[in-house]
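To keep things clear, I will list the structure first and then write my remarks on it.
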Amino acid sequence: MLASEASVGVPRESGGRMERNTTKICAPIMADSVDEMVANMVKAKAGGADLVEFRLDSLKSFHPQQDLRILVKDCPLPSLFTYRPKWEGGQYDGDEKERLDALRLAMELGADYIDVELQAADEFIKSIHGKKPEKLKVIVSSHNYQNTPSVEELGNLVARIQATGADIVKIATTAVDITDAARIFQIIVHSQV
């Protein structure tokens with residue numbers, strides 16, 4: 001499956017002036033096999049994507065040493081690796097150490113971004129301390145499939161994520177009303193990361 005997500009260009013202050021982040025199109029790639037993922041990353045580039053997100057938890061058979069080398073080496077775009085566990089809405093239901101080891105290996109092989117859940121962030125970030133390549137950005141994410149919390153709760157969540165040392169804060173919520181989007185935008189404007 002190949003889908004697209006867009007990150008929103010949000011004004012931020014830089015050196016006393018407001019500037020806009022550039023919008024990038026990320027193509028999340030979920031497939032049963034690495035061969036399908038490779039084919040889909042080529043389609044993503046041809047379709048105008050700026051980066052691809054490999055959802056490792058969608059693979060029916062995953063051999064980290066072999067498969068990650070292929071995905072990193074063959075990727076024509078910046079790469080983001082996610083290995084989402086069931087407890088955060090993904091499909092992975094195995095050993096947590098093996099999951100985090102696979103994400104560390106993706107980092108070592110040259111991934112541009114790693115997405116790790118807030119619940120696992122402290123352990124993951126401590127484990128890569130002093131080993132993190134300069135180009136790598138760690139995304140610390142939180143997913144809420146029930147609703148969009150209050151502005152205060154979202155602010156506290158952003159602060160918790162920033163405190164992990166995240167390079168990028170990712171919050172996914174479920175909008176049950178159009179006004180839920182306004183709360184997210186309020187938080188984005190004040191986020192430091």
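Computed from a predicted structure; not experimentally measured. Counting from 1, the numbers follow the sequence of the chain as shown.
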Determine, step by step, whether Thr82 and Leu56 satisfy the side chain to side chain contact (heavy atoms under 4.5 Å, CB included) criterion, reporting the C-alpha distance in whole Å, the side-chain angles of both residues, the deciding distance to 0.1 Å, and the verdict. CA-CA 6 Å; Thr82 303; Leu56 300 174; over 6 Å; no
Got a donor-acceptor contact below 3.5 angstrom from the Glu88 side chain to the His143 backbone? yes
When clusters are formed by joining ILVMFWY residues with side-chain heavy atoms under 4.5 Å apart, either directly or through shared neighbours, do Leu157 and Tyr145 land in the same one? no
Would you say the side chain of Pro85 lies within less than 4.5 Å of the side chain of Gln119, judging by non-hydrogen atoms? no
Trace of the side-chain hydrogen bond (donor to acceptor under 3.5 Å, both in side chains) decision for Asp35 with Ser33: CA-CA 5 Å; Asp35 288 342; Ser33 72; 5.2 Å; no
What is the distance from atom CD1 of Ile128 to atom CG of Leu103, rounded to the nearest 0.5 Å? 10.0 Å
Are more than 12 heavy atoms from other residues, nucleotides or ligands located less than 6.0 Å from atom CD of Glu96? yes
Find the distance between OG (Ser58) and CG (Asp32) and round it off to the nearest 0.5 Å. 7.0 Å
Within the structure provided, determine whether Phe81 and Met107 are in side-chain contact (heavy-atom separation under 4.5 Å). no
Can you check whether Val116 reaches Val140 side chain to side chain, under 4.5 Å on heavy atoms? yes
Report yes if the side chains of Ile171 and Ile161 come closer than 4.5 Å at any heavy-atom pair, otherwise no. yes
Common cluster, Val176/Leu154, ILVMFWY with side-chain heavy-atom separation under 4.5 Å: no
Are more than 12 heavy atoms from other residues, nucleotides or ligands located less than 6.0 Å from atom NZ of Lys45? no
Heavy atoms, side chains only, cut-off 4.5 Å: are Phe54 and Met41 in contact? yes
Has Arg183 got a side-chain atom pairing as donor or acceptor with Thr148's backbone, closer than 3.5 angstrom? yes
Is Ile178 reachable from Ile184 through a run of I, L, V, M, F, W or Y residues, each pair having side-chain heavy atoms under 4.5 Å apart? no
Starting from the C-alpha separation in whole Å, work towards a yes-or-no answer on side chain to side chain contact (heavy atoms under 4.5 Å, CB included) for Arg160 and Asn156. CA-CA 6 Å; Arg160 285 179 47 216; Asn156 291 337; 5.6 Å; no
Does Arg104, at its CZ atom, have more than 12 non-hydrogen atoms belonging to other residues, nucleotides or ligands within less than 6.0 Å? yes
Interatomic distance, CD1@Ile139 vs CG@Asp115, rounded to 0.5 Å, equals 5.0 Å
Considering all heavy atoms, the nearest Ala111-Ser79 contact: CA-OG, 3.6 Å
Starting at CG of Leu105, measure out to CD1 of Ile114 and round the result to the nearest 0.5 Å. 9.0 Å
Of the non-hydrogen atoms in Asn40 and Met30, which two are nearest, and what is the gap between them? ND2-O, 4.5 Å
I'd like to know whether Val38 forms a side chain to side chain contact (heavy atoms under 4.5 Å, CB included) with Val34, so could you lay out the CA-CA distance, the side-chain angles of the two residues, the decisive distance to 0.1 Å, and finally the verdict. CA-CA 6 Å; Val38 169; Val34 170; 4.3 Å; yes
Nearest heavy-atom contact between Ala102 and Phe62 is CB-CE2, 4.0 Å
Residues which pass side-chain hydrogen bond (donor to acceptor under 3.5 Å, both in side chains) with Arg55, listed by chain and number, not counting sequence neighbours: Asp57
Can you see which heavy atom on Gln186 is nearest to which on Val151, and at what distance? OE1-CG2, 3.2 Å
Name every donor-acceptor pair, under 3.5 Å, that has one atom in a side chain of residues 68-76 and the other anywhere in the protein, sequence neighbours excluded.
unit_1 : atom_1 : unit_2 : atom_2 : d
Arg69  : NE     : Gln65  : O      : 3.4
Arg69  : NH2    : Gln65  : OE1    : 3.1

Does some side-chain heavy atom of Asp180 sit less than 4.5 Å from a side-chain heavy atom of Thr173? no
Please name the pair of heavy atoms, one in Ser61 and one in Asp67, separated by the smallest distance, quoted to 0.1 Å. O-OD2, 3.9 Å
Name all pairs fulfilling the salt bridge (Lys or Arg N to Asp or Glu O under 4.0 Å) condition that reach into residues 133-155, sequence neighbours left out, sorted by first residue then second. Asp112-Lys135
Salt bridge Asp122-Lys126, side-chain N to carboxylate O under 4.0 Å: no
When rounded to the nearest 0.5 angstrom, what distance separates CD in Glu36 from NZ in Lys43? 9.0 Å
Candidate pair Met37 and Leu59, rule side chain to side chain contact (heavy atoms under 4.5 Å, CB included), full reasoning: CA-CA 9 Å; Met37 284 188 166; Leu59 292 168; 3.9 Å; yes
Taking all atoms of both residues into account, what is the closest heavy-atom pair of Ala120 and Leu100, and its distance? CB-CD2, 4.4 Å
Which label fits Tyr83 and Tyr92: parallel for a plane angle under 30°, tilted from 30 to 60°, or perpendicular past 60°? tilted
